[in-house]
Structure formats: structure tokens, C-alpha cells
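The shown structure was predicted, so the numbers you read here are calculated from the model rather than taken from an experiment. By convention in this document, chain letters (A, B, ...) are assigned in the order of the sequence lines, proteins followed by strands, and residues within each chain are numbered from 1.
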Protein chains: 2
Amino acid sequence: MIDKRQILSANPLLSGLPADVVEQLMAVSVVRTLADGQCVYSQGDEGDGLFGVIQGRVRLSNTSKDGKELLVMLVEPGDWIGEISLLDGLPRSHDAFAMGECAVLFLPRAKFDSLLKARPELYQHFIPMLCRKLRLALSYVEGAALFSLTERLAQRILELLTFYGVDDGGSGRLIDVHLPQEDLAKMLGVSRQAISRELKRLETEGVIELSYGKLRVLNKAALERELA
Amino acid sequence: MIDKRQILSANPLLSGLPADVVEQLMAVSVVRTLADGQCVYSQGDEGDGLFGVIQGRVRLSNTSKDGKELLVMLVEPGDWIGEISLLDGLPRSHDAFAMGECAVLFLPRAKFDSLLKARPELYQHFIPMLCRKLRLALSYVEGAALFSLTERLAQRILELLTFYGVDDGGSGRLIDVHLPQEDLAKMLGVSRQAISRELKRLETEGVIELSYGKLRVLNKAALERELA
DNA sequence: ATAAATCTGTCAACTAGGCGACACTGTTGG
DNA sequence: CCAACAGTGTCGCCTAGTTGACAGATTTAT
């Protein structure tokens, strides 16, 4: 459990903000709790504000007409979502759902807008985050078009390790990824069976170790060698 | 042929800038001419500055080890490229090549950096462009994972029409896309043959008309109906 | 302790799209 | 005008990944 103030100051987005701005944001933000599977916002909704995850996980996804889901991003405590709609005024580009019990901090759009209007120099704090997301999205586009599933999977496991890796081995390094193969498949836009086959291959090669709902990376260097 | 000042003021990126800033940029920018196929910059290069296209077309692409190319974007006169590396200081994310004879405006990084440092409120002018590119990239990721080639092709033709459409019918509407099928294939990350088949189908359905190096949209509404 | 739910492994049949090949058409440059 | 080049249409074979099905393993809930 991370508290409100910690969220507001820990994230790169806000850590560079002047103290008085952080105080202002503290004052106008409210905590919302969400049940498992509850919707934070839906694709196409108007952007009513910014959300910071305090507890639990939020999944950002797109769903096609025929029900196939693309899992775009997992958002962990300390991260923010919903800033794009806030910045460009256009509708939400994804669905956001709570995974398990969640607590989020909500900053209403009106407060944020008036703050930015009064102090346009604050826009600079959004630039690094936007650039990072843009580069990540572009690398996904590139990967989907140019790389094999094998390569994309290795890449994604390494990413997940740095973003959400858990140190379950006591080694001090992040080696475990807690995520069902189904979700890994939805991240890469392929079937669960295809992911299962690839993971099994990696396991027989001694690169990873599989268990119920998680995988452990045994040989990070070997994964890096799989990359394009 | 578009002149230097027009470039600096016509684009959304800079049209909102204060007049004195535009004058400053004018003073420090230089025009470079490029031969067909010449490299503007390469993936992995350090970001040495910002480029504005004055004449010709620039293609932004990624190439895999085995030579397969993903055509990410076509940049036309009036548009800017290279701003991401300038903003986040990381290497170029794509290759940029001149298509035919080109003229570009070059703004060296040092001048730009010092201007932004002196006037951080100028950062806000980059936000809309970054948001637009991020949403576009995210829609490509979504498309690649969730939509069929048929749907993605229809989507992309409509996009090309609004971005680069040419009015060759005298109707006042943009109906022609001048682009070989090979490039269309490279944009969608599929083979030329697959694109050829799909386009031929659309032609027999009376939606488009094909000729050497271009296609004409006859029934835009039908294309929109193809979308997911 | 047991039932329900979730997750994994692995079939076999199917399909979209890749790749190589080659003929043909349109364009450009000497 | 002709040669070289660039672009298109269409084969046939092949592979990666899909879909559906089902059994076994692990976890969670009662």
C-alpha cells in the first residue's frame, strides 16, 4: 500500500514538480477504490481526469468487435494513466480495468486544466513520459511487422522483467514475472497455444522455468541473444 | 516549392509560437538539399537536430537484419521530423531517406536546447504533436494485433487519403494516392502479393481504381464500411 | 476435504499470408 | 524508338500461427 503523497511525489511525472504544485494536486485529488474487474474508464469515454495507481494493478487494453483483446499495458502502483486524453482533449484510447482490488488517485480534469493554463511551463514535465510511451509504441509496431514471435516474446519478457519483475529468489535481481500465459498471449496479439509452445521451447533450452501463473528467467543473457 | 519562412510558420508545431521565437529559429536554420535516396539520418544516430521538409518526400522506416523494411511514415513538405530525439536526448528511432530530390530545413540541436532552456513554456507546443503521433502509433499496434489485413488496408488507404491525398479528378476532393503497392505493403508489414490481391478485390467491388503507381478511391463510404 | 475455477500442455485440422517465379504492362531516359 | 527499369497480376508450394478440443495440474473457495 502506497499512500497518496508518496504517489504524487514518487513518479517521474511529478517528482520534478515544484512543491507548491504538488500541494495543490494533493488538495484536489481523491482516492477511489475499485473491485476486481471494475472499469476505470472505457475506450471512447471523454477524458474526465488523471488516475494514479496506489494499490493493485490496472490493465489497459483494446477489444475488437469479435471479443479478441489486446493487452497494451499493465499499470502498477506509482504509475499514472489517462494523461493523453487530458492533454489533447480527445476520447480515451483504451479500456482500463482493475485487476484485483485496487485503489487509485483521481485528479479531476478541470483542476488540472486550470493549473496548466496558469503555469504553461509545467507542460515540460509531460514531455519525457510522452516520448517514452511513443518510443515504446513505435517499437511494438516495428516488432509486429518485422520480428518473429520468438523474438518478440524474448523482448517482451525482458521488458516485463524490468517493469514488473519480482525478486522471488532472494538474489536481489528481478527474475520472476507473475502473469498467466493467456495475458502474455494477449500482449503479443497471438493465441495462448502459440505462446505456450514458445515458452516450453525456452524452458527445454534452460532459459526460463515455468510454473502456475508465472515464469522465472534463469538465463537473461540467452534471452537477450534471441533479440533481433 | 515552399520557402523557409512558410515552413517555419505553416506547421502546427510552430504556428502557435511567438513571432520573436520564429525569427530566432529563422536565423539559425539552414537549408540542405538531398539527392534521391540520400540519408537524412539513420536509426541509432545521435539526435543532432530537427528537420523540416521543404520539397520532396522523406520516408521514415525501420529495417530488420534480414533486410525487410517497415515504412512507418511519409513526410511531406510542411512537416517536421526528428523532434523526439531532440526532446528526450535518445538516439534516432528510425531511418530517414529522401524520396526523389529533397530540400530540408535543419535546426541544430544546440540552438534549440538553449531556446527551450530559456523559455520552458515553449514545451507546450510539442504536446499536441506528440499526442497525435502516440495515438497513431497505438492505433497501429491495435490494428496489427486485432484487425485483418482487409480492415487494416481500408483504414490505411483512408489515412493516406487525408494525409497525402491528391485531387486528380478536379472534384475538389482528395481521391488519389500516389504510392506503389510495394510501399503500401511495407507500411502494413505484409508482402506485395497480399496487398495486390486485396487491392484487386477492392477494385472488382468498384471501391477503388488501380493504375501504375497509384490508386483512386471511388467509393470512400464503402472503405469506411470495411473498418472494424 | 472437496468442488470449482484457473492455468498449462498438447493434439489435429485448417488458413492467412510468405516466398519464389514469371509474364505482362507502363514509364523513363538515352 | 528502343532498352532498361519499375510496377502489377497471378501462379503454386510452404510455414507459422489459428481454432477447437480435451486432459492434467495447481490454486482458491466453500
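- Between the C1' atom of dG17(D) and the CZ atom of Phe147(A) lies a distance of 19 Å, rounded to the nearest Å.
- Regarding Asp36(A), its CG atom lies at a distance of 13 Å from the C1' atom of dT28(D), rounded to whole Å.
- The pair Arg59(B)-Asp95(B) does not meet the salt-bridge criterion, since no charged nitrogen lies less than 4.0 angstrom from a carboxylate oxygen.
- As rounded to whole Å, 16 Å separates atom P of dT26(D) from atom NE2 of His178(A).
- Atom CD in Gln181(B) sits about 11 Å away from atom P in dG7(D), given to the nearest Å.
- The closest donor-acceptor contact from the side chain of Ser61(A) to the backbone of Val72(A) lies at 3.5 Å or more, if one exists at all.
- Taking atom CG on Leu210(A) and atom P on dA25(D), their separation rounds to 16 Å, with Å as the unit.
- Here the range on DNA chain C touched by chain B, meaning any atom under 4.0 Å from one of its heavy atoms, is dG17(C) to dT27(C).
- Residue-to-nucleotide proximity on DNA chain C shows that, of Ser196(A) and Tyr212(A), the 5′-proximal contact is made by Tyr212(A).
- A residue-by-residue look at Leu149(A) and Leu199(B) shows that Leu199(B) has its nearest nucleotide of DNA chain D further toward the 5' end.
- The NZ-P distance, from Lys68(A) to dG20(D), rounds to 12 Å in whole Å.
- The cationic atom of Arg57(A) (NZ for Lys, CZ for Arg) lies less than 6.0 Å from the six-membered ring centre of Tyr164(A) and within 45° of the ring axis.
- Put simply, the side chain of Glu203(B) gets close to the backbone of Leu210(B): a donor and an acceptor are under 3.5 Å apart.
- Rounded to whole Å, atom P of dT8(D) lies 16 Å from atom CD of Glu198(B).
- Contact check of residues 188-195 of chain A against DNA chain C (heavy atom, cut-off under 4.0 Å) returns Arg192(A), Gln193(A).
- Taking Tyr140(B) as the reference, nothing meets the ring pair (Phe, Tyr, Trp, His ring centres under 6.0 Å) condition, with sequence neighbours excluded.
- Counting to the nearest Å, the P atom of dT8(D) and the CZ atom of Arg201(B) are 18 Å from each other.
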Before giving the answer on side-chain hydrogen bond (donor to acceptor under 3.5 Å, both in side chains), spell out for Thr150(B) and Glu198(B) the whole-Å C-alpha distance, their side-chain angles and the decisive distance to 0.1 Å.
-> CA-CA 7 Å; Thr150(B) 308; Glu198(B) 286 298 318; 3.1 Å; yes
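- No donor-acceptor distance shorter than 3.5 angstrom exists from the side chain of Asn219(B) to the backbone of Val207(B), with no hydrogens or angles considered.
- Other residues, nucleotides and ligands contribute over 12 non-hydrogen atoms within 6.0 Å of the NZ atom of Lys133(B).
- Residue-environment remark: CZ (Arg173(B)) stays at or below the threshold of 12 foreign heavy atoms within 6.0 Å.
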